[in-house]
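Report on one structure; see the data block that follows.
Throughout, protein chains are lettered first and strands after them, A, B, ... in sequence-line order, and every chain is numbered starting at 1. Here the structure is a predicted model, which is why all the values come from computation and not from measurement.
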Amino acid sequence: MDGIRVGNRIIGRQAPVTIGWENIPKVEGGPVKRFFFTYFQPVALLALILFWYYAPNSIAKASTAIWISVGFKALLLVLEWVNPRYESWKLTWKEMVTDLFYVGLGYTLIRYVDKFMGSDAIVEYIQGYFHFGKLHWFMDLPILLQAFLISFIFDFGQYWMHRGMHNWYPLWLPHSVHHYITQLNVNKGAVGNPLELFLIGLGMGGFFDFVPRAFLIAGAMTMGISVYQHINVRFNTPRWWRYLFNTVEHHSLHHSRDFEASRSNFSNTYIFIDRIFGTCVDGEAELLGMEGGRRMSVREQMTHPYSEAFRIIRKKYRKRFGTQVLPVRGR
Amino acid sequence: MGLRYIDWIWHVRGSMIIPSRLSADAAFDRLDALFREPGTTYVRDGETLVFQKKNQASQDKMAVFDSGVVRVESDPQGTRLSYDLVSKTLLLCFLAPALFFGFGEFFKYTSSHHTVALVDHTPNAKSMVANLKSGKDDTIQLLNPIDNFMGAPKPEKKDASAKLSPSKEKKKISSTTSYVFAGLFAFLYVIGRILEQYLVHRNFRKNISKNNGKQVMDSGLATRRIASYKMLLK
């Protein structure tokens, strides 16, 4: 394969990718279906923002957010079934169980660890140690601006963490597990080694004080945009949306079997961060994964970063101290 | 106790009558496409086919199974294709409720023992308490004029004790979520155990009734069709 030049890079040498928006298929079907899959994303985002902006205090709670998130994902699973992007990404029972296992870990064990060792706990400790409180001036801003800042600050941090994971081997090891997924479905964002899921959840938002409602709107904004990163639905995403926000097209390129393509589109929500730093590539890919699309078992996903780290350290140690194991000769 | 009373959890067994003129070799030839998948190795020995799968692809029609035996046997009713398939995924899904239930119990236990909040160790905790009690910390009441104009509900003011307690509460995690996931996996197991048995049986039947991509015609029907074509030619 020749690949396509994008800036200084040649993308698509190792696996087929589509670069640019011109050759990406459109939603097929009648006018109602096309209308629905063109306007669903912006309408859903607007509805989420309006709901959280005007919901009475008795409803505007984290528990409501969790139920909305569950319901919204269930709806998206139905859309995956109605209008799949690729048949080769079809959700099977096994894929669903595996995905939900990681979703479950995220809601329970990782959340528990996060309470004690996560960024909020660290920030709380730093604030206490240096005798300074949260930065209150954000609370004077309009709620929607606060919400955008919360999600942007988190995404900006996540962009650099994610980029770091693709550029520094010790961070790549836990993240690599997520890149062994061979298809995208709505819950695939949760799949990964727990260490990576912990690292990617670190943020600096704890330093700032915001109106509680702004947190809920920020959560809705993040969900209403980034949930489409890992989804097997064909949308006619509006041009402005894909210019500002991360889409499944962008993220499928990021998960492509092509190495150069996988080193693009690092942000979680706002693709314009990638545009600012020159790492955005518009396009999409169908063939995903690593090692030619080898699907990793859950057991290997849990142990891979540690076993790989051990293997590499042992190799380096042996090379340095000349303790190479001699091959066993047959008798 | 032998495992035979409980191995239905991860074993999927079944059988079907196949055309009696099909030899074991011919039957396995027709199932060949199901086993020619990345990560699958298999051995055919007479009337038995044994397979194993490792890192099977997501879209492999038998992805949920990790190993198994397929046999073609003579039966008083005709020739019978029987299978015994092993699935680690089914087993793990069966065990997952126990894991999440365990998480729930663990969270319940730790939350009842976790009474020391981080705020107690925070050096400026005293000043925070003083500010809250004196009502100085009322910034939560303010909304930007734009939000007032647009009619956003005002945040509720929390009393001093409620504002401090979150630091304690924040360290607790609800066990309910874990129990919900335990229930979800129990439900998924039931669905998967039924669905995967149905799908693999259907795939075997579909492949057995195919011959190089064409449906195999019942011999009686074929004879009748040939007769009717002959009639037409006359």
Side-chain angles (χ1 to χ4, degrees), chain A residues 53-57 60 63 66 87-98 100-101 103-105 107-109 111-112 115-116 120-121 124-125 127-133 136 139-146 180-183 209 211-213 291-300, chain B residues 38-39 54-60 63-64 87-90 92-93 96 99-100 103-104 106-107 110 118-119 121-125 127-128 139-140 142-147 150-156 167 170-175 177-178 180-182 184-185 188-189 191-192 195-196 199:
Chain A
Y53 191 82
Y54 287 112
N57 288 326
S63 55
I66 290 173
E87 276 299 314
S88 61
W89 294 359
K90 199 171 60 183
L91 189 66
T92 62
W93 177 84
K94 184 179 176 182
E95 286 296 311
M96 189 174 201
V97 168
T98 314
L100 284 176
F101 172 71
V103 172
L105 283 188
Y107 273 108
T108 55
L109 194 64
R111 187 167 285 191
Y112 183 80
K115 295 271 179 194
F116 293 94
D120 283 353
E124 200 174 344
Y125 180 77
Q127 285 172 331
Y129 190 81
F130 290 104
H131 295 256
F132 61 76
H136 285 298
M139 294 179 79
D140 297 334
L141 298 173
I143 289 176
L144 289 178
L145 185 56
Q146 289 185 47
Y180 275 89
I181 57 173
T182 54
Q183 60 181 62
D209 211 358
V211 175
R213 186 176 293 273
E291 296 178 35
R294 177 172 79 86
R295 188 186 184 278
M296 212 179 233
S297 66
V298 173
R299 194 172 77 170
E300 198 181 348
Chain B
K54 195 181 178 198
N55 296 324
Q56 51 270 47
S58 304
Q59 296 300 322
D60 180 341
V64 79
S87 171
K88 284 183 203 164
T89 315
L90 279 173
L92 291 175
C93 188
L99 177 73
F100 283 95
F103 284 159
F106 175 70
F107 298 151
T110 51
L118 197 69
V119 70
H121 300 296
T122 309
N124 62 349
S127 62
M128 284 165 68
T139 47
I140 195 86
L142 297 175
L143 268 187
N144 187 278
I146 293 174
D147 294 316
M150 287 172 70
K154 281 186 179 174
E156 287 168 346
S167 283
K170 266 182 358 189
K171 299 296 160 201
K172 292 181 183 176
I173 189 161
S174 165
S175 299
T177 317
S178 304
V180 168
F181 273 98
L184 183 65
F185 279 104
L188 279 172
Y189 175 77
I191 298 287
L195 180 73
E196 292 300 332
L199 289 177

As an exercise, state the distance from CG of L143(B) to CG of D140(A), rounded to the nearest 0.5 Å. 10.5 Å

Only residue of K90(A), E87(A), Q183(A) satisfying side chain to side chain donor-acceptor pair (under 3.5 Å) with Q59(B) is Q183(A)

Tell me, side chain or backbone of A60(A) under 4.5 Å from chain B's heavy atoms, or both, or neither? neither

Proximity breakdown for T182(A) and chain B, heavy-atom pairs closer than 4.5 Å: side chain

Go through it in stages, so that I can follow the logic: the residues are W93(A) and L90(B), the test is side-chain contact (heavy atoms from CB on, under 4.5 Å), and I'd like the CA-CA distance, side-chain angles, deciding distance and then a yes or no. CA-CA 10 Å; W93(A) 177 84; L90(B) 279 173; 3.5 Å; yes

Measure the CE-CG distance between M150(B) and L144(A) for me, rounded to the nearest 0.5 Å. 6.0 Å

What part of R213(A) gets within 4.5 angstrom of chain B, counting heavy atoms only: side chain, backbone, both, or neither? side chain

For Q56(B), which atoms come within 4.5 Å of any heavy atom of chain A: side chain, backbone, both, or neither? both

Might you point out which heavy atoms bring P56(A) and P153(B) nearest each other, and give the distance in Å? CA-CG, 4.4 Å

Name the option with the most non-hydrogen atom pairs under 4.5 Å to chain A; the candidates are K88(B), K54(B), E196(B). E196(B)

Cut-off 4.5 Å, heavy atoms of chain A, and the answer for L188(B) is both

Sort V298(A) into side chain, backbone, both or neither according to what part of it lies under 4.5 angstrom from a heavy atom of chain B. neither

Nearest heavy-atom neighbours spanning D147(B) and P142(A): OD2-CA, 3.3 Å

Strictly distance-based, threshold 3.5 Å: is any side-chain N or O of K94(A) a donor or acceptor partner for the main-chain N or O of A63(B)? yes

Once you round to the nearest 0.5 Å, how far does CZ of F106(B) lie from CG of L109(A)? 8.0 Å

Evaluate side-chain contact (heavy atoms from CB on, under 4.5 Å) for F101(A) paired with L99(B), printing each intermediate quantity in order. CA-CA 10 Å; F101(A) 172 71; L99(B) 177 73; 3.8 Å; yes

Given a strict heavy-atom distance threshold of 4.5 Å, which part of I66(A) is in contact with chain B: side chain, backbone, both, or neither? neither

Going from CZ on R111(A) to OG1 on T177(B), what distance comes out if it is rounded to the nearest 0.5 angstrom? 6.5 Å

Evaluate S58(B) against E95(A) for side chain to side chain donor-acceptor pair (under 3.5 Å), listing each step before the verdict. CA-CA 7 Å; S58(B) 304; E95(A) 286 296 311; 2.8 Å; yes

Identify the heavy atoms of Y54(A) and A152(B) that sit nearest to each other, and give their distance. CE2-N, 4.3 Å

If you compare all heavy atoms of E300(A) against all heavy atoms of N55(B), which two are closest, and at what distance to 0.1 Å? OE1-OD1, 4.1 Å

Centre-to-centre under 6.0 Å for F103(B) and Y112(A), is that the case here? no

Heavy-atom side-chain proximity of V97(A) to Y189(B) below 4.5 angstrom: no

What part of L100(A) is in contact with chain B, defined as an atom under 4.5 angstrom from a non-hydrogen atom: side chain, backbone, both or neither? both

Is the shortest heavy-atom distance from the side chain of Q146(A) to the side chain of N144(B) under 4.5 Å? no

